[in-house]
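First up is the structure itself, then whatever we jot down about it.
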Amino acid sequence: MIHINAPVRVRFAPSPTGFLHIGGVRTVIFNWLFARHYGGQFILRIEDTDEKRYVAGAAEDILESLRWVGVDWDEGPDIGGPHEPYVQSLRSELGIYQQYVDQLLLRGLAYKSFITSEEIEVMKAAAQERGLKSFRFRSRERDWSADQVAAAEAEGKPYTVRLKVPLSGTTSFHDLVRGGEAINVNNHDLYDIVLLKSSGMPVYHLAHLIDDHLMNITHVIRGEEWVSSTAYHVLLYQALGWDMPIYAHVPNILRQDGRGKLSKRKDDVATNRFWERGYLPEALFNYLALQGWSYDDHTEIMSRDELIERFTIDRVQSSPARWNPDKLKDMNGIYIRQMSADELTERLLPYLSQAGLINATPLPEERAYVRHLVPLIHERLEEMQEAPELLSFFFQPVEYPNPLLLIPKKMDMPGTIATLREAQSRLSELFIWDVPTIEASLRTLVDELGLKAGQLFGTIRVAITGRTVAPPLFETLEALGQDRSLDRMLAAIQTLEEASETM
RNA sequence: GCCCCUAUAGUCUAGCGGCCUAGGACGUCACCCUUUCAAGGUGAAGAUCGCGGGUUCGAAUCCCGCUGGGGGCGCCA
């Protein structure tokens with residue numbers, strides 16, 4: 001049994017190299033749920049120590065995605081906190097990392113390395129040619145004397161600072177996700193990682209660790225791709241003489257075909273895209289919470305509060321999950337159906353505006369009309385972006401590219417024309433245009449004509465909507481209004497007549 | 001290649017030594033409801049619990065090996 005000591009402090013530390021993808025969101029969710037469950041704090045920190053891959057605006061974009069998903073943070077770059085700043089490039093300028101590097105250097109636990117990346121590449125290639133597939137780099141300066149180092153420095157050669165990783169022995173650590181089991185790594189399989197780049201900027205391994213320590217992070221919940229670097233972190237903590245946080249490496253989300261983890265380039269997984277397609281943040285949150293975690297053998301739909309109450313790290317899976325868009329879509333449909341018609345109306349307006357069906361800033365009558373239409377598609381919607389397509393015929397004229405679709409099963413062209421004429425005439429006689437009246441009128445007609453309900457209703461459906469699949473007929477007629485309904489039926493009759501002449 | 005992690009139906013998962021003739025969900029199929037499509041309801045197919053050894057009275061559950069899958073092996077995070 002895992003016992004968690006409160007108070008708990010966790011963080012999410014994205015790198016502003018692009019958009020936030022869905023796998024990152026899942027990791028955020030686990031961190032956030034963990035913090036909220038134990039009444040602790042969730043901290044946001046920007047890890048922008050990669051000058052080369054930095055993308056302007058990415059950090060803002062990531063924050064916006066997080067807000068949309070519904071995650072909030074107690075300390076962060078935008079709201080500050082007791083451990084400011086929360087951006088690593090700023091912390092680097094303050095010399096925060098340098099001071100610890102100096103300490104390590106002084107104590108001989110790290111060393112300056114004057115070898116260039118190009119030289120390493122050459123050595124690697126040579127090693128590979130000799131048939132050595134693995135290359136554990138231990139720099140030659142590892143054991144240089146102070147004089148040798150001073151001489152190289154005097155020449156003005158750029159250098160990196162590397163950690164002096166023990167040549168032998170074992171490094172081990174525990175992982176909450178793996179039931180607290182110890183993971184052991186032979187130091188022989190490690191290499192001397194870079195701590196400080198020649199630019200003076202710290203590398204992730206160093207920066208995140210110092211910040212985690214300074215910010216009193218108690219639990220590090222991160223993707224399992226970090227498992228293999230954790231030994232370095234343990235060694236670094238030991239070198240600095242600090243207590244380690246508790247680790248929990250959460251499983252990756254694999255691509256749909258199972259071939260590798262989700263990738264920004266190959267998969268449509270930008271968080272913003274889910275907003276565009278009409279996913280509800282609540283649904284995405286719920287789905288993602290279930291990627292690598294489960295509550296019991298049957299509960300799936302859970303509110304944010306329920307998730308907070310139920311989330312525990314010991315129920316996190318240690319094997320990878322698989323991206324399943326169908327399941328997400330299904331869940332989104334469930335959340336849409338749970339929503340009130342008023343709320344769905346408001347959420348749908350932007351999609352209808354964007355499709356050009358209504359004004360960019362919806363007019364009051366447009367809003368009212370959409371509200372009237374919402375019940376017709378409410379339970380047919382899985383992604384909100386589908387709404388414009390489902391509702392287009394209420395806003396745009398219909399056409400009959402294939403008039404034959406107007407002809408019901410077991411009926412011919414003249415029969416259909418006659419039937420539509422009769423229906424049009426009956427409906428034109430109605431003084432009250434509501435669902436019960438329309439229904440009564442048409443059902444009576446079905447009996448009188450000796451037709452099947454599906455035959456009459458089918459042809460009217462195509463006549464007024466231009467399609468064979470549409471919302472329920474009476475409600476659609478009612479929402480369309482008497483004039484437009486009658487006009488469209490006339491247009492359908494005319495289309496059929498023209499078609500029969502050319503045949 | 002080396003190191004680490006991992007393994008229940010197409011997919012997500014429940015299972016923590018007897019409650020398992022392996023439970024739930026997505027997807028698939030059928031039927032019911034019904035004016036189409038959905039939603040809803042009922043039901044079905046689908047897992048020799050990756051394989052092989054052990055431990056045990058008893059294993060999906062514990063141990064070992066193999067195989068498969070994933071991750072890592074950067075002056076990227």
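So that the names make sense, note that chain A is the first sequence line, chain B the second, and so on, each numbered from 1.
Regarding R162(A), its CZ atom lies at a distance of 6 Å from the P atom of rC75(B), rounded to whole Å. Following rounding to the nearest Å, I253(A) (CD1) and rU6(B) (C1') show an atom-to-atom distance of 16 Å. The distance between atom CD1 of I193(A) and atom C1' of rC75(B), rounded to the nearest whole Å, is 12 Å. Remark: P of rG15(B) and OH of Y295(A) are 12 Å apart, rounded to the nearest angstrom. Atom P of nucleotide rA14(B) and atom CE of M302(A) are separated by 12 Å, given to the nearest angstrom. Note: CG (D314(A)) to C1' (rA14(B)) measures 14 Å, nearest angstrom. Rounding to whole angstrom units, CG of residue L456(A) and C1' of rU36(B) are separated by 14 Å.
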When you compare the protein's N or O atoms with those of nucleotides 40-43 of chain B, which come within less than 3.5 Å of each other, and at what distance?
| unit_1 | atom_1 | unit_2 | atom_2 | d |
| --- | --- | --- | --- | --- |
| rG40(B) | OP1 | R337(A) | NH1 | 3.4 |

Between the protein and nucleotides 17-23 of chain B, list the N/O to N/O atom pairs that are separated by less than 3.5 angstrom.
| unit_1 | atom_1 | unit_2 | atom_2 | d |
| --- | --- | --- | --- | --- |
| rG23(B) | N2 | D297(A) | O | 3.0 |

Name the pairs: protein N/O against N/O of nucleotides 44-50 of chain B, kept only if under 3.5 Å.
none

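Within 4.0 Å of D326(A), counting heavy atoms only, lie sugar-phosphate atoms of the nucleic acid but no base atom. Contacts of A470(A) with the nucleic acid, taken as non-hydrogen atoms under 4.0 Å apart, include base atoms. Within the 4.0 angstrom heavy-atom criterion, no nucleotide atom of any strand lies near D175(A). Nucleic acid contact for L473(A): base, since at least one base atom lies under 4.0 Å from a heavy atom of the residue. Across all strands shown, P472(A) has heavy atoms under 4.0 Å from base atoms, whether or not it also approaches the sugar-phosphate. Contact annotation for L206(A): no contact, since no heavy-atom pair falls under 4.0 Å across all strands. S117(A) comes within 4.0 angstrom of a base, heavy atoms only. Base engagement by P471(A) is indicated by at least one non-hydrogen atom pair under 4.0 Å involving a base atom. If you check every strand for non-hydrogen atoms under 4.0 Å, R467(A) touches nothing. Nucleic acid contact for K329(A): none, since no nucleic acid atom lies under 4.0 Å from a heavy atom of the residue. Among the atoms of the strands shown, only primed sugar atoms or phosphate atoms (P, OP1, OP2) are found under 4.0 Å from some heavy atom of S318(A).
A 3.5 Å limit on both hydrogen-bonding distances identifies rA44(B) as the Watson-Crick or G-U partner of rU28(B). The base-pairing partner of rC33(B), taking Watson-Crick or G-U wobble contacts with both distances under 3.5 Å, does not exist among the strands shown. Under the Watson-Crick or G-U wobble criterion, with both distances below 3.5 Å, rG1(B) is paired with rC73(B). Base pairing annotation: rG18(B) forms a Watson-Crick or G-U wobble pair with rC57(B), both donor-acceptor distances under 3.5 Å. In this entry rA7(B) has rU67(B) as its Watson-Crick or G-U wobble partner, both defining distances falling under 3.5 Å.
Closest to the T116(A) side chain, of the nucleotides rC75(B), rA77(B), rA7(B), is rC75(B). Nearest to the side-chain atoms of E300(A) among the listed nucleotides rC75(B), rC12(B), rA77(B) stands rC12(B). Among the nucleotides rC73(B), rC3(B), rC12(B), the one closest to any side-chain atom of Q291(A) is rC12(B). For R380(A), taking side-chain heavy atoms from C-beta onward, the closest of the listed nucleotides rC37(B), rA77(B), rC3(B) is rC37(B). In this structure, of rU13(B), rC3(B), rC76(B), it is rU13(B) that holds the atom nearest to the side chain of Q317(A). Picking from rC75(B), rC2(B), rA77(B) the nucleotide with the shortest atom distance to the side chain of T49(A) gives rA77(B).
Residues passing the salt bridge (Lys or Arg N to Asp or Glu O under 4.0 Å) test with D267(A), sequence neighbours excluded: R255(A). Checked against salt bridge (Lys or Arg N to Asp or Glu O under 4.0 Å), E386(A) has the following partners two or more places apart in sequence or in another chain: K329(A). Taking the ring pair (Phe, Tyr, Trp, His ring centres under 6.0 Å) definition, one finds that F12(A) meets it with nothing, sequence neighbours left out. Under the salt bridge (Lys or Arg N to Asp or Glu O under 4.0 Å) criterion, E343(A) pairs with R347(A), sequence neighbours left out. H249(A) meets the ring pair (Phe, Tyr, Trp, His ring centres under 6.0 Å) test with Y247(A); sequence neighbours excluded. Residues satisfying the side-chain hydrogen bond (donor to acceptor under 3.5 Å, both in side chains) criterion with Q482(A), sequence neighbours excluded, are absent altogether.
Taking the six-membered ring for Trp and the full ring otherwise, the centers of F173(A) and Y237(A) sit at least 6.0 Å from each other. Aromatic ring centres of Y86(A) and W73(A): separated by at least 6.0 Å.
A salt bridge between R91(A) and E93(A) is absent, with no side-chain N of the basic residue lying under 4.0 Å from a carboxylate O of the acidic one. Salt bridge annotation for R277(A)-E382(A): absent, with no cationic side-chain nitrogen under 4.0 angstrom from a carboxylate oxygen.
Under the 6.0 Å distance and 45° angle rule, R26(A) counts as a cation-pi partner of F30(A).
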**Study point:** Nucleic acid footprint by protein, nucleotides 62-71 of chain B - heavy-atom cut-off 4.0 Å, B for base, S for sugar-phosphate alone
**Key:** -------SSB

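Distance noted for atom P between rA30(B) and rC66(B): 47 Å (whole Å).
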Donor-acceptor pairs are to be reported for all side-chain atoms of residues 451-460 of chain A against protein atoms at under 3.5 Å, with residues two or more places apart or in another chain.
| unit_1 | atom_1 | unit_2 | atom_2 | d |
| --- | --- | --- | --- | --- |
| Q455(A) | OE1 | K452(A) | N | 2.9 |
| Q455(A) | NE2 | K409(A) | O | 2.8 |
| T459(A) | OG1 | L406(A) | O | 2.7 |

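Between P251(A) and E475(A), the residue whose closest nucleotide on RNA chain B is further toward the 5' end is P251(A).
For residues 282-301 of chain A, every residue pair satisfying the ring pair (Phe, Tyr, Trp, His ring centres under 6.0 Å) rule, not counting sequence neighbours, is listed here: W32(A)-F285(A), Y287(A)-W323(A), W293(A)-F311(A).
One cannot find a donor-acceptor pair under 3.5 Å joining the base of rC12(B) and the side-chain atoms of R322(A).
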